[in-house]
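The chain is numbered in sequence order, starting from 1.
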Amino acid sequence: MGLTKAAEYLDMSERWMSRESSLHGIPRYYFGRKVMFKVSDLDRWARQQKVF
């Protein structure tokens, strides 16, 4: 999925998604100039952000 859909999936803005993927390691893939995300990677990353 692209940046827009990934941001929608996490209920965040595209700007946040772009910044966080660069700064905090949200896994992403490049196809030419296009950035893509896997749902399984987003789910795994989100679970790691859990605060106890």
Side-chain angles (χ1 to χ4, degrees):
M1 76 176 54
L3 180 69
T4 302
K5 293 287 185 184
E8 288 175 5
Y9 183 76
L10 294 177
D11 195 25
M12 302 302 286
S13 70
E14 290 181 43
R15 184 177 177 181
W16 180 91
M17 190 73 193
S18 181
R19 183 182 67 237
E20 292 299 305
S21 66
S22 295
L23 295 177
H24 298 288
I26 296 176
R28 62 196 184 282
Y29 304 87
Y30 290 96
F31 295 92
R33 294 181 142 189
K34 193 168 192 163
V35 179
M36 302 294 285
F37 299 87
K38 286 184 178 179
V39 172
S40 59
D41 289 340
L42 295 175
D43 288 340
R44 186 173 31 260
W45 181 85
R47 280 193 302 276
Q48 292 172 350
Q49 306 312 305
K50 185 177 179 179
V51 178
F52 295 95

Value for CE (Met17) from CG (Asp11), rounded to nearest 0.5 Å, stands at 12.0 Å
Hits for side-chain contact (heavy atoms from CB on, under 4.5 Å) against Met1, two or more places apart or cross-chain, chain-then-number order -> Lys5, Ala6, Tyr9, Phe37, Val39, Leu42
Rounded to the nearest 0.5 angstrom, the CD-NE2 distance for Gln48 and His24 is 13.5 Å
With hydrophobic residues grouped by side-chain heavy-atom distances under 4.5 Å, do Leu23 and Tyr30 end up in a single group?
-> no
By side chain to side chain donor-acceptor pair (under 3.5 Å), Glu14 pairs with (sequence neighbours left out) Thr4
Sequence neighbours excluded, the answer for side-chain contact (heavy atoms from CB on, under 4.5 Å) partners of Ser22 is Arg28
Taken in chain and number order and not counting sequence neighbours, the residues that satisfy side-chain contact (heavy atoms from CB on, under 4.5 Å) with Asp41 are Pro27, Tyr29, Lys38, Arg44
Smallest heavy-atom separation, Phe31 atom then Met36 atom, equals CD1-CG, 3.4 Å
